[in-house]
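For clarity, every value in this text was computed on a predicted model and none was experimentally measured. Both counts, for ligands and for their atoms, begin at 1 and track the order of listing. By convention here, the first residue in the shown sequence is residue 1.
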Amino acid sequence: MFNLTPNDFKRSILDCGAGPSSFNAQMTRSGGKVISCDPIYQFTVEDIQKRIQATYPMIMSGLEENFAKFVWGDFISPEHLGQVRMAAMNRFLEDFTPGIREGRYQIQSLPELSFSTGEFDIALCSHFLFTYSEQFSEDFHLAAILEMCRVAKDVRVFPLLKNFTGKPSPYLEPIKEELGARGYKVTIEQVSYEFQRNGDRLLHITHTKSGNQ
Ligand SMILES: C[S@@+](CC[C@H](N)C(=O)[O-])C[C@H]1O[C@@H](n2cnc3c(N)ncnc32)[C@H](O)[C@@H]1O
């Protein structure tokens, strides 16, 4: 999703809107340094588990109904995707209690983070910004991305589609322009992962030497 290289895995990473994903657990196990933040981390492991169980049938029926909107390659069927996702969420659930204790999971919400300026090498956000363009305004998106740029030198957001329409978010171009005007280097890059049809690009923002506003 993020075109992360073996070298990137050695850098300090912030995962924003990380939810019940296994990235932190897997990276920690292989010696990486990741902090995940999400408002759902205020809940107990039991509450999160119940919520995962309750939403699972809805997600599965959503996938069946919208079958043609997805690329069935790595995941061969909705059932297969369901199994992979549940395994990832179980890895998250096992890691959540030690991870909270170690400060690897933090209750934080964009567009304001408590981290210091430049604290991370990379900040990531998947399936939250742009994906929820109908729920969150353009101003929210810009503020959230600027906040990620404040805390990290390299920011990557994936995918760039508005909700589940298969169309680019209407915020993408204005935000790209605004970030460019503020002196950031902004590129849209192809990635190898495509599950949502047309959702195979990320927004990559880096700081330029001349500085940013
Ligand atoms: C669809 S999930 C994506 C989870 C994960 N990144 C992934 O790709 O599987 C969206 C996540 O955004 C989180 N979220 C909602 N509002 C947020 C906010 N203001 N700041 C950060 N995360 C938020 C939700 O709690 C949820 O876990």
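- The heavy-atom pair separating Cys37 from Leu113 by the smallest distance is SG-CD2, 4.0 Å.
- Counting only residues at least two apart or in different chains, side-chain hydrogen bond (donor to acceptor under 3.5 Å, both in side chains) contacts with residues 111-120 comprise Gln108-Ser114, Ser116-Glu119, Thr117-Arg150.
- Within 4.0 Å of ligand 1, protein heavy atoms belong to Gly17, Ala18, Gly19, Asp38, Pro39, Ile40, Arg85, Ser109, Leu110, Ser126, His127, Phe128, Tyr132, Phe140, listed by chain and number.
- In this structure, Phe2 has its ring center no closer than 6.0 Å to that of His204.
- A salt bridge between Asp95 and Arg29 is absent, with no side-chain N of the basic residue lying under 4.0 Å from a carboxylate O of the acidic one.
- By the salt bridge (charged side-chain N to carboxylate O under 4.0 Å, His left out) test, Asp38 is found to be paired with no residue, residues two or more places apart in sequence or in another chain being considered.
- In this view, Asn7 and Thr5, Lys10 satisfy the side chain to side chain contact (heavy atoms under 4.5 Å, CB included) rule, not counting sequence neighbours.
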